[in-house]
Amino acid sequence: MPKGPSPLDFLYSSPDVLINIAKKGTTEQRDAALRALDIDATLRTNRLTFSLLGGALGRQDVSGAAPKVQRTIYDSGNTQTLPGKVVRSEGGAATGDVSVNEAYDGLGATFDFYLSAYQRNSIDNAGLRLDASVHFDEKYDNAFWNGQQMVFGDGDGVIFNRFTVSLDVIGHELTHGVTGSEANLTYQGQSGALNESISDVFGSLVKQYKMKQTADKADWLIGAGLLADGIKGVALRSMKAPGTAYNDKTLGKDPQPADMKHFVHTSQDNGGVHTNSGIPNHAFYLVATAIGGNAWEKAGQIWYDTVCDKQLKQSASFAAFALRTSVHASQRYGATSTERKAVIDAWKQVGVKLSATMSVGASGG
Amino acid sequence: MQITFGRSGGIVAAPGLTIEATLDLSEGHPRVTDPASGYTRDLSSQEAQQVRQMIDAASFFKLPTELRPLNQSASPSRPTSIADQRQYDITVRTDDGRTHTVRASETMSSELEQLSPGLGKFLVWMKQECETIMNYRRQQR
């Protein structure tokens, strides 16, 4: 006997399409579309409720007002509840909880960095509130960005310390929000690895800016201080030397490649987004150290211009991203500039081809 | 029915945190195995029955392999994100030889439950089992 459609058949249909099917389809199609709309409405309601309850979706009214950070730190109480209970709001005094204070200070440092370096007013450049939850789950060895807020685990105490301990990790998570507001690179394969790399780049720059370090003085590590005592390693990743951050019995060996010859093909981790990010990470390191000085000023500006480039597709490959960095280096500093040469040389060194006709002196635009 | 399940990704994404385990729900000896660490756990017949009920093969086999959160953000400039969330893979092999894989991120249990009744509960069960496997690996240090 033929079976009618299920809500799964409309998994990727828009509400408008579903409403049309509900109006004009057969009885079975109408029922399935209405059930799909019910799922859709439930999810919308959940997210809207989060917003109305003080979630991160509400924007500040910034018309005419100077950019001002608006932070809220929540405590998930070692459950998987988000956002949890408010434990520190903007302007509130430090608490006795180190994770709460690190999250609060880290969000502030990241906001200051984006505003000072690139005149960006928060994640969306429109003063979006910055929300973070700490103590998520029990012994949770992770931190993530869900599109609405940052989430930090306590670590298990055996392999990892608390995930708020590294300023660059906080900058990394917040930068996922920035990327989501701009290029919104698809979190899969090369575009996903670029998404990850951009978070590592600006996470590291937040730390360098805070510590007033020039490119040659920076450690170029992501997550220094995160590994617990006894773990053989220095961090989660090294932009200077991808693949060397750790080599430990429990963690295994850092799998990051530094060039395209060692690109990792895998279905795990959304196509190796945290692995192959080593390639654009290393390219950025090479650009920053070749230019010299403060990495956020020129190398960072070129990368920031690229992330905000409307011509960069969500599905961008390494080569497409590299080409746009070259274009922006040219637009900012000139087609024959040392900055643009540094960009082209770096991508060549990691094995990413910009274009057959690309060379220093070409218009690039 | 045999199920392989895996966990990967997260901001750390280290090889030692990646799990590829097998759940054999054959009659008689239902068991979880993690070949990388040698971990095994026998399931009670009651737990095995509960897990079988979580996988509705009819709807599971209709799901696309890559599942993403439905993008229902209240703000157009704030797309739903799975950045740094752990990826969970579920591969089901039925007794008649059919195989299908579904991938989802760690916070999608309610969405999975709506797409395939029981699947969200299986994600919760799988996350707990992965933590048990990780505890076993930690104890081996």
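The chains referred to below are lettered A, B, ... by the order of the sequence lines, with proteins before strands, and numbering in each begins at 1.
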| Exceeds 12 heavy-atom contacts within 6.0 angstrom, atom NZ of A:K139 | no
| said: Using side-chain heavy atoms (C-beta onward) and a distance below 4.5 Å, is B:D84 in contact with A:E196? | reply: yes
| Where on A:I231 is there a heavy atom nearer than 4.5 Å to chain B: the side chain, the backbone, both, or neither? | both
| field | NZ/NE/NH1/NH2 to OD/OE distance under 4.0 Å, A:D269 and B:R103 | value | no
| Part of A:N195 within contact of chain B (heavy atom distance under 4.5 Å) | neither
| Part of A:T266 within contact of chain B (heavy atom distance under 4.5 Å) | neither
| What heavy-atom pair brings B:A83 and A:F144 nearest, and what distance separates the two atoms? | O-CB, 3.3 Å
| said: So for A:Q80, is it side chain, backbone, both, or neither that comes closer than 4.5 Å to the heavy atoms of chain B? | reply: side chain
| said: Please report the interatomic distance CD(A:Q268) to CD(B:E20), rounded to the nearest 0.5 Å. | reply: 4.5 Å
| message | Please classify the contact between A:L251 and chain B as side chain, backbone, both or neither, with a heavy-atom cut-off of under 4.5 Å. | response | both
| In terms of heavy-atom pairs under 4.5 Å, which option from A:E182, A:Q256, A:E173 contacts chain B the most? | A:E173
| Counting only N and O atoms by type, is there a donor-acceptor contact under 3.5 Å from the side chain of A:H274 to the main-chain atoms of B:G10? | yes
| message | Could you check whether any side-chain heavy atom of A:N270 comes within less than 4.5 Å of a side-chain heavy atom of B:I82, counting everything from C-beta outward? | response | yes
| field | chain A contact via B:S37 - which portion, at a heavy-atom distance below 4.5 Å | value | neither
Could you pull out every donor-acceptor pair under 3.5 Å between side chains of residues 150-165 of chain A and any protein atom, sequence neighbours left out?
{"from": "A:D154", "atom 1": "OD1", "to": "A:H135", "atom 2": "ND1", "distance (Å)": "2.6"}
{"from": "A:D154", "atom 1": "OD2", "to": "A:N78", "atom 2": "ND2", "distance (Å)": "2.9"}
{"from": "A:D154", "atom 1": "OD2", "to": "A:H135", "atom 2": "ND1", "distance (Å)": "3.2"}
{"from": "A:D156", "atom 1": "OD1", "to": "A:V158", "atom 2": "N", "distance (Å)": "3.0"}
{"from": "A:D156", "atom 1": "OD1", "to": "A:I159", "atom 2": "N", "distance (Å)": "2.8"}
{"from": "A:D156", "atom 1": "OD1", "to": "A:F160", "atom 2": "N", "distance (Å)": "2.9"}
{"from": "A:D156", "atom 1": "OD2", "to": "B:R138", "atom 2": "NE", "distance (Å)": "2.4"}
{"from": "A:D156", "atom 1": "OD2", "to": "B:R138", "atom 2": "NH2", "distance (Å)": "3.1"}
{"from": "A:N161", "atom 1": "ND2", "to": "A:G225", "atom 2": "O", "distance (Å)": "3.0"}
{"from": "A:N161", "atom 1": "ND2", "to": "A:L227", "atom 2": "O", "distance (Å)": "3.4"}
{"from": "A:R162", "atom 1": "NE", "to": "A:E102", "atom 2": "OE1", "distance (Å)": "2.7"}
{"from": "A:R162", "atom 1": "NE", "to": "A:E102", "atom 2": "OE2", "distance (Å)": "3.3"}
{"from": "A:R162", "atom 1": "NH2", "to": "A:E102", "atom 2": "OE2", "distance (Å)": "2.7"}
{"from": "A:T164", "atom 1": "OG1", "to": "A:E102", "atom 2": "OE1", "distance (Å)": "2.7"}

| request: For the residue pair A:N142 and B:Q85, establish whether any side-chain heavy-atom pair is separated by less than 4.5 Å. | output: no
| note | The single option from A:D141, A:V169, A:I222, A:D200 that satisfies side chain to side chain contact (heavy atoms under 4.5 Å, CB included) with B:I11 is A:V169
| Nearest atoms (heavy-atom pairs only) where A:K249 meets B:Q140 | NZ-O, 2.7 Å
| field | More than 12 heavy atoms of other groups within 6.0 Å of B:R141 CZ | value | yes
| query | Should we count CG of A:D229 as having more than 12 external heavy atoms under 6.0 Å? | reply | no
| message | Counting C-beta onward and ignoring hydrogens, is there a side-chain heavy-atom pair between B:E131 and A:E138 closer than 4.5 Å? | response | no
| Smallest separation among heavy atoms of B:Q87 and A:S267, with atom names | NE2-O, 3.1 Å
| field | Nearest non-hydrogen partners of B:P15 and A:P255, listed with the distance | value | CD-CD, 4.0 Å
| Which pair of non-hydrogen atoms, one from B:A13 and one from A:Y246, has the smallest distance, and what is that distance? | O-OH, 4.4 Å
| task | Let me see the working for B:R68 and A:Q188 under side chain to side chain contact (heavy atoms under 4.5 Å, CB included), right down to the final yes or no. | result | CA-CA 11 Å; B:R68 301 289 186 185; A:Q188 178 74 37; 2.8 Å; yes
